[in-house]
Amino acid sequence: MCHRRRPDYNGNCYLGIDLGEQYFSAVVLDAKMQVKFSARVNYDTDLPEYNTQRGIIQGSSIDEFFANPVMWVKALDILLNCLSTQGADLHSIAAIGGSAQQHGSVFWSDLGFRRLCGINPILRLHEQLTDTCFELNPTPVGADNSATRECFQMQKDVGGQNEMKSITGSKAYPSFVGPQIRKVFETCTEHYERTVRISLVTSFLSSLLIGSMGSIEFTDACGTSLLDLHSKTWSEKCLNACAPNLAQRLMKPIASNRLQGRIADYYVKRWNFRPDCMILSSITNTASAVVGLRFNKETDVVLSLGPIDKLIMHVENHPKQEEGHLLCDPINPNESFSLICFRNGSRVRDAICEQVAQGSWSTFSEMLKKTPMGNYGNVGLYFPVKETDPPASGTLRWDGKMDPMSHEAIHGCDEFERPEIEARAVIEGQMMHHRAMMKDMDFRFDENTRIIVLGDGSQNESLLQVIADVFNTPVYTHCGVEPALLGGAYRARYAFYEYREANCSCRRCRMASGRNPKLQFEDFFRNMPGALKLMAEPTAGCDVIYDRLTVRCMNMCQLLAASTSIHESHIVME
């Protein structure tokens with residue numbers, strides 16, 4: 001215990017780490033929150049033996065997607081080696097804040113559980129946590145949308161969709177972990193029965209870092225159809241509707257600011273981490289990006305463009321939370337924000353780019369510039385994978401003359417007249433669909449609203465201009481390190497302050513704490529410079545054009561959703 005000198009924390013560093021959909025990434029920040037080192041592992045190129053495309057493997061049907069958890073284990077080993085090779089002093093890292101992709105699950109075997117708790121520093125991680133450590137390999141990830149039947153069954157068993165929403169904050173979605181677990185139980189019963197623990201990808205990352213089974217954090221638990229959003233505990237009603245003896249396979253959910261423990265001895269001996277390095281609860285990379293952006297709930301909307309597009313916003317009291325779902329705020333767990341996921345994101349954009357521009361995004365961008373706002377009245381919807389909101393699948397194109405009430409409207413046009421019309425149609429159609437979902441959730445735009453675009457295409461000026469025009473709102477992007485990584489490092493820095501600095505027992509710190517109350521997270525980082533850049537402002541008259549076309553777009557969505565519903569009703573009856 002120090003009584004004379006205050007400990008020197010200036011040499012500390014903080015690690016943000018993200019087990020993402022396509023990459024496993026890390027950033028090391030120093031005590032002044034400046035970037036010292038960063039590294040990234042691309043699953044497709046750095047681990048080609050796993051045969052992934054955009055980090056995942058497609059199953060036997062169009063809506064099944066998987067990943068191998070051993071790939072993630074191996075990527076972590078490569079990532080730490082990259083940092084060490086760059087010269088990073090891993091012993092200086094005082095705390096680690098992790099994040100990971102949402103809606104994935106990992107089914108641990110008894111062998112895997114035992115090996116996790118006794119990792120040998122002589123061997124590499126993936127030499128110990130092998131395929132036999134997991135009952136399902138590959139395992140479902142967030143892109144999987146194959147548990148439609150299980151959603152209906154779970155909601156029926158809890159008392160209906162409204163009851164599910166009142167308990168968990170949203171209806172059940174096919175990508176959610178709860179329906180996926182039920183599907184595993186029903187189709188792979190023997191594997192489920194041998195499973196000793198089920199991790200979400202976030203808690204899987206925590207588990208790897210502490211060398212024990214990590215708890216599931218609130219924000220990720222919100223996307224399972226299993227968490228009681230009000231009590232922040234597993235809902236017995238939902239667990240029973242999912243699979244037998246499920247509670248014993250899930251760790252107790254905990255808040256995002258809770259510590260999972262200290263880093264496993266494996267990393268101390270193999271990578272020279274300090275033994276008291278704190279491991280904070282890993283959260284979803286969506287929530288971590290909100291932290292990294294220092295999200296202003298009064299004005300900001302985050303649009304993350306990726307294989308799954310995501311909209312993140314604050315809606316006061318959530319009066320019309322029909323679609324999307326609520327997530328616990330990663331900074332203030334008693335608050336929440338709204339998240340809408342769109343399954344047909346960058347894969348659709350890439351496919352149309354390949355079709356009309358031979359895969360050249362510079363050519364595609366020029367096509368956007370050559371076509372006017374509103375695309376001459378041509379609107380296209382491209383849902384090769386069943387969309388979540390509304391639940392629709394298929395492709396539908398309407399030209400400017402199409403009568404929504406005509407028989408031809410059901411089938412639309414086979415193709416548009418020119419490639420550049422197709423290029424603008426896919427972008428405008430996606431963004432009008434996104435905008436309509438926000439309106440359905442009663443989000444109110446005003447003169448202070450701004451959209452922060454992240455991910456794929458966030459530096460494409462032509463694409464960003466379309467977004468600004470469709471939403472009639474200024475568009476910003478984030479410069480520098482990925483917000484999800486910054487969010488992890490910021491959370492790690494604050495955890496060290498909260499658990500160590502604010503509780504230091506030396507005389508100087510006791511006197512300082514008596515004069516100054518403990519800072520909240522927002523105040524702790526208040527003076528940090530921002531990293532947002534204005535990229536596009538709405539064009540005059542865009543509201544007149546897109547107000548009308550968005551209504552037309554939603555009429556098309558309703559037609560696709562109706563035909564999808566008829567098809568699925570036959571599936572449920574079989």
Side-chain angles (χ1 to χ4, degrees), residues 16 18 20-27 35 38-45 54-55 99 101 285-286 288-296 300-312 342 344-354 356-371 373 420 423-432 434-435 449-487 529-539 542:
D18 178 46
E21 292 89 346
Q22 303 177 58
Y23 314 101
F24 208 143
S25 311
V27 66
V35 176
S38 63
R40 169 184 282 185
V41 177
N42 183 315
Y43 306 131
D44 292 1
T45 57
R54 288 184 168 269
S99 63
Q101 56 188 280
N285 45 27
T286 300
S288 190
V290 169
V291 177
L293 291 169
R294 288 178 291 142
F295 182 81
N296 185 335
D300 293 347
V301 176
V302 176
L303 172 57
S304 177
L305 301 177
I308 298 176
D309 287 351
K310 299 174 183 177
L311 270 172
I312 308 156
F342 305 94
N344 296 282
S346 59
R347 291 189 188 91
V348 174
R349 292 187 286 272
D350 288 346
I352 299 299
C353 179
E354 185 67 38
V356 302
Q358 294 73 52
S360 169
W361 273 98
S362 59
T363 302
F364 190 91
S365 297
E366 287 301 315
M367 289 179 168
L368 292 179
K369 291 179 181 178
K370 291 178 180 178
T371 45
M373 289 188 301
E420 57 266 31
R424 178 169 280 270
V426 66
I427 304 301
E428 286 190 342
Q430 286 183 327
M431 295 309 131
M432 286 191 288
H434 296 0
R435 170 188 161 180
T449 302
R450 58 182 187 176
I451 292 181
I452 304 170
V453 178
L454 307 176
D456 299 340
S458 60
Q459 302 303 314
N460 186 316
E461 294 182 3
S462 299
L463 174 61
L464 298 178
Q465 186 61 57
V466 175
I467 296 173
D469 291 338
V470 171
F471 285 90
N472 191 26
T473 301
V475 169
Y476 291 75
T477 58
H478 184 270
C479 306
V481 178
E482 295 173 18
L485 288 175
L486 289 180
L532 295 180
K533 179 182 178 181
L534 176 63
M535 295 293 290
E537 294 190 84
T539 305
C542 62

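Hydrogens, waters and symmetry mates play no part in the numbers below; they use all other heavy atoms, side chains included. Predicted model, so just to flag it, every value in this text is computed and none were measured.
- Here the side chains of Val426 and Phe364 are in contact, with some heavy-atom distance below 4.5 Å.
- Using a 4.5 Å heavy-atom cutoff, the side chains of Thr539 and Asn472 are not in contact.
- Under the 3.5 Å distance criterion, the side-chain polar atoms of Arg450 are left unmatched by any main-chain donor or acceptor of Thr473.
- The backbone N or O of Gln22 lies less than 3.5 Å from no partner atom in the side chain of Arg54, so there is not a single donor-acceptor pair.
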- [ ] With salt bridge (charged side-chain N to carboxylate O under 4.0 Å, His left out) as the test, would you mind laying out the steps for Asp456 and Arg347 before giving the verdict?
- [x] CA-CA 10 Å; Asp456 299 340; Arg347 291 189 188 91; over 6 Å; no
* For Val301 and Ile312, run side-chain contact (heavy atoms from CB on, under 4.5 Å): C-alpha distance rounded to whole Å, both residues' side-chain angles, the deciding distance at 0.1 Å, then the answer. => CA-CA 6 Å; Val301 176; Ile312 308 156; over 6 Å; no
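- For the pair Val466 and Asp469, the minimum side-chain heavy-atom distance is 4.5 Å or more.
- Atom CG of Leu303 sits about 6.0 Å away from atom CZ of Phe471, to the nearest 0.5 Å.
- Side-chain contact between Arg349 and Leu305 is present, with at least one heavy-atom pair separated by less than 4.5 Å.
- Pro538 approaches Ala468 most closely through the heavy-atom pair CB-O, 3.6 Å.
- With rounding to the nearest 0.5 Å, the separation of CG in Asn344 from CD1 in Ile308 is 9.5 Å.
- Residue Leu368 holds its CG atom at 11.0 Å from OG1 of Thr363, rounded to the nearest 0.5 Å.
- Contact between Ala423 and Ile352 at its shortest, heavy atoms only, is CA-CG2, 4.5 Å.
- Of all heavy-atom pairs between Met535 and Thr477, the closest is CG-OG1, 3.3 Å.
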Checking salt bridge (charged side-chain N to carboxylate O under 4.0 Å, His left out) for the pair Arg294/Asp300: CA distance, chi angles, key distance, verdict?
CA-CA 10 Å; Arg294 288 178 291 142; Asp300 293 347; over 6 Å; no
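- Atom NE2 of His478 and atom OG of Ser304 lie 12.5 Å apart (nearest 0.5 Å).
- Between Pro307 and Ser346 the shortest heavy-atom distance is N-OG, 3.0 Å.
- Rounding to the nearest 0.5 Å gives a distance of 9.5 Å between OG of Ser360 and CD of Glu366.
- Side-chain contact between Trp361 and Asn460: present, with at least one pair of heavy atoms (C-beta onward) separated by less than 4.5 Å.
- Side-chain contact between Phe24 and Asp18 is absent, with no heavy-atom pair separated by less than 4.5 Å.
- Ring orientation note: the planes of His434 and Phe342 are close to parallel, at an angle under 30° on the 30°/60° scale.
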After noting the C-alpha distance and the side-chain angles of Leu293 and Val291, does the key distance pass the side-chain contact (heavy atoms from CB on, under 4.5 Å) rule?
CA-CA 5 Å; Leu293 291 169; Val291 177; over 6 Å; no
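- Using a 4.5 Å heavy-atom threshold, the side chains of Ser38 and Val481 count as separate.
- Rounding to the nearest 0.5 angstrom, the gap separating the OG1 atom in Thr286 from the NZ atom in Lys310 is 3.0 Å.
- Of all the heavy atoms in Ser462 and Lys369, the pair that sits closest is OG-CE, 3.1 Å.
- Not a single donor-acceptor pair under 3.5 Å links the side chain of Glu537 to the backbone N or O of Pro474.
- At distances below 3.5 Å, at least one donor-acceptor pair connects side-chain atoms of Tyr43 with backbone N or O atoms of Tyr23.
- The two residues Leu464 and Gly457 come nearest to each other via the heavy atoms CD2-O, 4.1 Å.
- A donor-acceptor contact shorter than 3.5 Å is absent between the side chain of Ser99 and the backbone of Asn285.
- A side-chain donor-acceptor contact under 3.5 Å links Ser458 to the backbone of Gly455.
- The shortest distance between side-chain heavy atoms of Val302 and Leu454 falls below 4.5 Å.
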